[in-house]
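Following: one structure in structure tokens, then a few remarks.
Each residue takes its place number in the sequence, starting with 1.
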Amino acid sequence: MMIMGKLCCPKWRLAKIMGWLQLFLGGLVIIVSVCSLVRLYSAGFFFHSEDVCRHFYGAKDVFAGFDVKVLSDRVEEVLEKMESLQNKIEFDVQKMEKDKELLGMSNMSRLEFKRYLEDEIIQPLYDAHIALRQIRLPKSEAIGNTTFLEEPLINNFVIEEIRKYITPKENKNGKVNIFRTEKIYNTIGHSCVLMKKELEDYMDYDVGSYCKDDWNLAQKLMLRGCDPLPRRRCLTRASKLYLKPYPINESLWKIPEGRNVRWNLYKCRDFECLSSKNPNRGYTKCTGCFEMEKEVLKWVNKSSVPPTDFLISDVLDVKPGEIRIGLDYSVGTGTFAARMRERNVTIISTALNLGAPFNEMIALRGLLPLYITPNQRLPFFENTMDLIHTTGLLDGWIDLLLLDFILFDWDRVLRPGGLLWVDKFFCNRKDLDDYMYMFLQFRYKKHKWVVAPKSKDEVYLSALLEKPPRSL
């Protein structure tokens with residue numbers, strides 16, 4: 001009898017806890033439903049009949065920019081989570097009643113009971129709680145129905161990781177932080193709303209697990225203006241066998257170990273496949289970029305230099321000892337940075353993986369890649385760069401207004417006396433005057449300026465320009 005009493009005690013305690021949880025969740029559902037009904041029916045007493053619909057659905061007039069349907073969907077999602085949890089608890093209780101003899105024989109241990117509560121009850125209840133707290137209602141900034149604001153973008157997304165990311169994070173101590181703000185706002189580009197499905201696919205992952213191998217989706221989002229991307233709380237995948245990189249003096253001019261790259265999202269599966277002789281290599285820009293015997297000749301070979309190709313030695317002689325740090329805004333594998341490193345100049349190379357592992361190649365050569373798009377503001381402070389070099393990226397395809405924004409950003413980060421090296425920019429002959437004006441509008445000092453034919457209808461423009469002091 002004592003043994004049977006001990007066996008029944010855990011069963012009775014579990015059933016009692018399940019019963020209280022069922023009552024608690026049922027009460028929450030009733031409270032939410034009653035509040036919704038009270039708000040609905042009370043509106044008729046305080047608003048004229050023609051104002052009732054406007055009170056609830058007049059988003060254009062009252063809630064400027066607020067999506068009432070999305071808010072309704074979010075509330076419905078929370079109710080569904082709570083209802084699902086309640087149904088599961090009811091099912092488990094009924095199952096326990098039917099399997100009393102089996103439960104008495106097996107006797108669930110305290111560890112199993114703890115895991116059951118954490119996985120099947122506490123975590124779903126926590127998810128519903130967080131989802132409910134993150135529903136953002138319009139906030140009145142004045143008396144009456146004058147101005148209603150909401151936290152931007154919150155209610156446009158369903159994936160919880162996006163909502164958690166863009167929700168403002170208030171300082172834990174309630175004081176102003178070192179950045180002199182009371183909250184930290186994580187930013188994403190406004191075009192993310194137009195790419196809602198792609199962004200939700202990108203942020204739909206298991207926290208703490210391995211990330212999906214989806215850098216190409218991330219790059220697509222970046223290139224279309226959904227940038228900067230949200231941070232993710234998952235672990236990045238590496239290649240199955242990552243080998244030690246070559247020493248720095250050797251790595252600059254040697255093809256890296258192919259096993260250090262994840263190739264599954266590229267057309268090629270090794271560096272040999274990226275040869276310019278292969279028409280199906282997966283990329284078109286920067287012919288020969290992955291062939292070191294061709295790259296090693298760039299910017300140093302005096303015997304066969306066309307007039308539009310400037311030598312690094314000639315450029316550095318313009319400002320001897322003054323060029324120390326700079327930016328290479330180009331398409332390439334870091335060869336310009338490698339050549340400048342041999343001259344004790346540190347160059348950051350911008351790179352996108354346009355069909356080939358450009359970022360991986362630059363890093364494996366022991367150089368610094370900067371993964372940004374042409375529509376992104378440079379992450380450098382004003383008047384800091386000694387040199388900006390560009391080749392192969394901003395050619396005659398670029399819109400003049402976009403080029404204008406880019407050039408003004410370069411001017412912002414280039415220091416007084418710094419050099420802008422435009423390396424073989426090409427365009428249609430009929431567009432040359434427009435593009436020449438874009439570069440000349442800043443009134444930089446001309447050290448070199450060469451225009452040469454590329455083909456019958458196209459021309460090359462190379463220039464070396466110096467930013468004026470502009471001291472006020």
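Annotation: side chain of Trp299 is in contact with side chain of Asp423 (closest heavy-atom distance under 4.5 Å). Within the 4.5 Å cutoff, no side-chain heavy atoms of Phe336 are placed close to those of Thr391. Between Tyr266 and Asn353 there is a side-chain heavy-atom pair separated by less than 4.5 Å. Between Glu322 and Asp386 the shortest side-chain heavy-atom distance does not fall below 4.5 Å. Residues Ile184 and Asn177 meet the side-chain proximity criterion, which asks for heavy atoms closer than 4.5 Å. A 4.5 Å side-chain heavy-atom check between Pro369 and Ser349 finds every atom pair outside the cut-off. Side-chain contact check for Met203 versus Arg232: some heavy-atom pair is nearer than 4.5 Å. Residues Met361 and Phe271 have side chains in contact (heavy-atom distance under 4.5 Å, counting atoms from C-beta outward).
In this structure a side-chain-to-backbone donor-acceptor pair under 3.5 Å is present from Arg341 to Gly366. In this structure a side-chain-to-backbone donor-acceptor pair under 3.5 Å is missing from Lys267 to Asn280. A donor-acceptor distance shorter than 3.5 angstrom exists from the side chain of Ser239 to the backbone of Arg259, with no hydrogens or angles considered. Lys212 places a side-chain N or O within 3.5 Å of a backbone atom of Asp204 that can act as its donor or acceptor partner. With hydrogens and angles ignored, the 3.5 Å screen pairs a side-chain donor or acceptor of Lys285 with a backbone N or O of Gly392. No donor-acceptor distance shorter than 3.5 angstrom exists from the side chain of Asp214 to the backbone of Leu217, with no hydrogens or angles considered. A donor-acceptor contact shorter than 3.5 Å is absent between the side chain of Thr346 and the backbone of Ile325.
Ser313 and Asp317 form no side-chain donor-acceptor contact under 3.5 Å, judged by distance and modelled atom types alone.
Closest approach of Lys467 to Arg412, counting heavy atoms only: NZ-O, 4.3 Å. Taking every heavy atom of both residues into account, Val331 and Leu393 meet most closely at CG2-CD1, 3.6 Å. Annotation for Leu352 and Pro374: closest pair CD1-CD, 4.4 Å, computed over non-hydrogen atoms. What you find for Glu200 and Val158 is that their closest heavy atoms are OE2-N, 2.8 Å. The shortest non-hydrogen separation linking Tyr205 to Arg233 is OH-N, 2.8 Å. Summarising the geometry of Cys268 relative to Trp263, their closest heavy-atom pair is O-CE3, 3.3 Å, with the distance given to 0.1 Å.
Within a 6.0 Å sphere centred on CZ of Arg231, other residues, nucleotides and ligands contribute 12 heavy atoms or fewer. Applying the 6.0 Å contact sphere to CG of Asn186 captures more than 12 heavy atoms from other residues, nucleotides or ligands. Within 6.0 Å of CD in Glu250 there are more than 12 heavy atoms belonging to other residues, nucleotides or ligands. Within a 6.0 Å sphere centred on NZ of Lys169, other residues, nucleotides and ligands contribute more than 12 heavy atoms. The 12-atom threshold is not exceeded at CG of Asn249, counting heavy atoms of other residues, nucleotides or ligands nearer than 6.0 Å.
Trp253 has its ring centre no less than 6.0 Å from the ring centre of Tyr246.
With sequence neighbours excluded, the residues satisfying salt bridge (Lys or Arg N to Asp or Glu O under 4.0 Å) with Glu342 are Arg339.
Of the residues Glu295, Lys298, Lys294, the one that meets the side-chain hydrogen bond (donor to acceptor under 3.5 Å, both in side chains) test with Thr335 is Glu295. Checked options Leu327, Thr384, Ile406, Ile348; the residue passing with Leu378 is Leu327 (criterion: side chain to side chain contact (heavy atoms under 4.5 Å, CB included)). Here the rule is ring-ring contact (aromatic ring centres under 6.0 Å, His included) with Phe425, and of Trp397, Tyr435, Tyr329 only Tyr435 fits it.
For the pair Arg281 and Tyr283, the cation-pi test (distance below 6.0 Å, angle within 45°) is passed.
Ring-plane geometry between Phe358 and Phe290 is classed as tilted, the angle between the planes lying from 30 to 60 degrees on a 0 to 90 degree scale. Ring geometry for Phe310 against Trp421 counts as parallel: the plane angle stays under 30°, on a 0 to 90° scale with 60° as the upper cut. Relative ring orientation between Phe442 and Tyr444 is described as tilted, the plane-to-plane angle lying within the 30° to 60° band.
Rounding to the nearest 0.5 Å gives a distance of 11.0 Å between CG of Leu274 and CZ of Arg269. Here Glu257 contributes atom CD and Leu241 contributes atom CG; the two are 8.0 Å apart, rounded to the nearest 0.5 Å. Distance CG/Asn359 to CG/Leu370: 8.5 Å, rounded to 0.5 Å. Once rounded to the nearest 0.5 Å, the distance linking CG of Asn171 with OG1 of Thr181 reads 6.0 Å. Rounding to the nearest 0.5 Å places OG of Ser251 at 7.0 Å from CG of Leu367. Distance CG/Asp206 to CD/Glu161: 9.5 Å, rounded to 0.5 Å.
With respect to Glu466 and Lys319, a salt bridge is recorded, a charged nitrogen being found less than 4.0 Å from a carboxylate O. Using a cut-off of 4.0 Å between Lys/Arg side-chain N and Asp/Glu carboxylate O, Asp395 and Lys454 are scored as not salt-bridged. Taking the charged nitrogens against the carboxylate oxygens, Lys220 and Asp201 have no contact shorter than 4.0 Å, which rules out a salt bridge.
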Inset, instruction - With side chain to side chain contact (heavy atoms under 4.5 Å, CB included) as the test, would you mind laying out the steps for Arg224 and Ser191 before giving the verdict? - result: CA-CA 8 Å; Arg224 296 189 180 182; Ser191 67; 5.6 Å; no

Legend entry - Test side chain to side chain contact (heavy atoms under 4.5 Å, CB included) applied to Leu387 and Met340, step by step: CA-CA 11 Å; Leu387 172 73; Met340 296 295 275; 3.6 Å; yes

Legend entry - side chain to side chain contact (heavy atoms under 4.5 Å, CB included) between Leu199 and Tyr202, worked out: CA-CA 5 Å; Leu199 183 61; Tyr202 175 72; 4.3 Å; yes

Legend entry - Audit row: Ile388, Val413, side chain to side chain contact (heavy atoms under 4.5 Å, CB included) steps and yes/no: CA-CA 9 Å; Ile388 294 180; Val413 302; 3.8 Å; yes

Legend entry - Full working for side-chain hydrogen bond (donor to acceptor under 3.5 Å, both in side chains) between Asp227 and Asn375: CA-CA 9 Å; Asp227 187 62; Asn375 49 16; over 6 Å; no

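Applying the salt bridge (charged side-chain N to carboxylate O under 4.0 Å, His left out) rule to pairs touching residues 348-377 yields nothing, sequence neighbours excluded.
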